[in-house]
Chemist: 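For reference, the structure I am asking about is given below.
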Amino acid sequence: MTAKIAYDDVEVGAELPVQTFPVTRATLVQYAGASGDFNPIHWNEKFAVEVGLPDVIAHGMFTMAEAIRVVTDWAGDPGAVVEYGVRFTKPVVVPNDDKGATIEVSGKVAAKLDDNTVRVDLTAMSAGQKVLGMSRAVVRLA
């Protein structure tokens, strides 16, 4: 597979489509089972509060994975991502209700690099707070 976006067709400043990802307690349990990360801060409200958190929080790696979907959906090929990194700035707090939380992710082409690659900067927000900092991906385009 290769990216469906052509390098020559992309301009610095181009915005990727914004996506919103729902997160519920059930989502966290499913992720815990898939990842093997059963830390109680991700499912036990009493424990999370006892260690100083406002409530149960989403796994950082889950948040990171949801954010990169904006890039992989845009590029049309997950294999086009050649580099990806973030800093975890704020937790995604997931209340125990029917709504849960949402993560809203936007992206922008920040630079055109060598070898048909571009750097995409991502912004991930939840409850009005930036939850990932320095979120950047390098993507090889067609």
Side-chain angles (χ1 to χ4, degrees), residues 1-45 47-49 51-142:
M1 284 199 216
T2 58
K4 295 182 169 129
I5 305 290
Y7 179 83
D8 292 336
D9 293 341
V10 173
E11 298 293 329
V12 171
E15 295 186 9
L16 282 61
V18 175
Q19 292 190 47
T20 301
F21 304 100
V23 187
T24 64
R25 295 281 177 95
T27 308
L28 300 182
V29 170
Q30 292 167 337
Y31 182 82
S35 69
D37 182 352
F38 294 100
N39 186 323
I41 64 172
H42 303 303
W43 58 269
N44 184 320
E45 185 174 337
F47 183 85
V49 170
V51 298
L53 295 168
D55 204 334
V56 165
I57 64 170
H59 304 71
M61 296 301 287
F62 171 81
T63 304
M64 187 178 177
E66 291 292 77
I68 196 65
R69 289 175 55 189
V70 169
V71 176
T72 59
D73 288 353
W74 170 73
D77 177 12
V81 176
V82 295
E83 196 175 307
Y84 178 45
V86 306
R87 288 192 181 155
F88 302 107
T89 57
K90 299 277 185 192
V92 175
V93 178
V94 183
N96 191 20
D97 59 18
D98 293 338
K99 297 179 191 173
T102 58
I103 304 167
E104 183 176 273
V105 184
S106 60
K108 185 182 287 192
V109 176
K112 291 183 87 168
L113 310 171
D114 297 329
D115 198 24
N116 280 16
T117 60
V118 297
R119 190 185 88 216
V120 176
D121 291 352
L122 297 168
T123 301
M125 305 287 292
S126 183
Q129 295 189 320
K130 193 173 181 181
V131 295
L132 298 177
M134 299 295 289
S135 183
R136 297 176 171 173
V138 175
V139 185
R140 180 163 290 113
L141 301 178

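Here, residue 1 is the first one in the sequence, and each next residue gets the next number.
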Chemist: If I compare all heavy atoms of Phe88 with all of Gly60, which pair ends up nearest, and what's the gap?
Modeler: CE2-O, 3.1 Å
Chemist: Give me the atom names and distance for the closest heavy-atom approach of Pro54 to Val49.
Modeler: O-CG2, 4.0 Å
Chemist: Nearest 0.5 Å, please: how far is CG in Leu141 from CG in Asp8?
Modeler: 9.5 Å
Chemist: Distance from Thr72 atom OG1 to Leu16 atom CG, nearest 0.5 Å?
Modeler: 10.0 Å
Chemist: Give a yes or no on whether the backbone of Leu113 and the side-chain of Tyr7 come within a donor-acceptor separation of less than 3.5 Å.
Modeler: yes
Chemist: Please identify each residue that fulfils side-chain hydrogen bond (donor to acceptor under 3.5 Å, both in side chains) with Asp121, with sequence neighbours left out.
Modeler: Arg119
Chemist: Which value, rounded to the nearest 0.5 Å, describes the distance between Ile5 atom CD1 and Asp77 atom CG?
Modeler: 11.5 Å
Chemist: Is Trp43 reaching over with its side chain to a backbone N or O of Phe38, donor-acceptor style, under 3.5 angstrom?
Modeler: yes
Chemist: What donor-acceptor contacts under 3.5 angstrom involve side-chain atoms of residues 89-99, with partners at least two apart or in another chain?
Modeler:
| residue | atom | partner | partner atom | Å |
| --- | --- | --- | --- | --- |
| Thr89 | OG1 | Lys130 | O | 2.7 |
| Thr89 | OG1 | Val131 | O | 3.3 |
| Thr89 | OG1 | Leu132 | N | 3.4 |
| Asp97 | OD1 | Lys99 | N | 3.0 |
| Asp97 | OD1 | Gly100 | N | 2.6 |

Chemist: Please report the interatomic distance CD1(Ile103) to CE(Met125), rounded to the nearest 0.5 Å.
Modeler: 12.0 Å
Chemist: Would you name the heavy atoms of Gly107 and Leu122 that are closest together and state the gap between them?
Modeler: CA-CD2, 3.8 Å
Chemist: Taking all atoms of both residues into account, what is the closest heavy-atom pair of Ser135 and Val86, and its distance?
Modeler: OG-CG1, 3.3 Å
Chemist: Give, for atom CE of Met64 and atom NE2 of His59, the distance between the pair rounded to the nearest 0.5 Å.
Modeler: 15.0 Å
Chemist: Nearest 0.5 Å please: distance from the CG atom of Asp37 over to the NE2 atom of His42.
Modeler: 4.5 Å
Chemist: Answer yes or no: is there a side-chain heavy-atom contact under 4.5 Å between Trp74 and Glu15?
Modeler: no
Chemist: Check Thr27 against Pro22 and note the closest heavy-atom contact, atom names and distance.
Modeler: OG1-O, 4.4 Å
Chemist: With a 4.5 Å heavy-atom cut-off, do Asp73 and Gln19 have their side chains touching?
Modeler: yes
Chemist: Which word best sums up how the rings of Tyr31 and Phe62 line up, parallel for under 30°, tilted for 30 to 60°, or perpendicular for over 60°?
Modeler: perpendicular
Chemist: What do the steps show when you test Arg140 against Asp115 for side-chain contact (heavy atoms from CB on, under 4.5 Å), and what is the final call?
Modeler: CA-CA 7 Å; Arg140 180 163 290 113; Asp115 198 24; 2.9 Å; yes
Chemist: Mind checking side-chain hydrogen bond (donor to acceptor under 3.5 Å, both in side chains) for Thr123 and listing every partner two or more places apart, or none if nothing turns up?
Modeler: none
Chemist: Which heavy atom of Asn116 sits nearest a heavy atom of Ala142, and at what distance?
Modeler: ND2-O, 3.5 Å
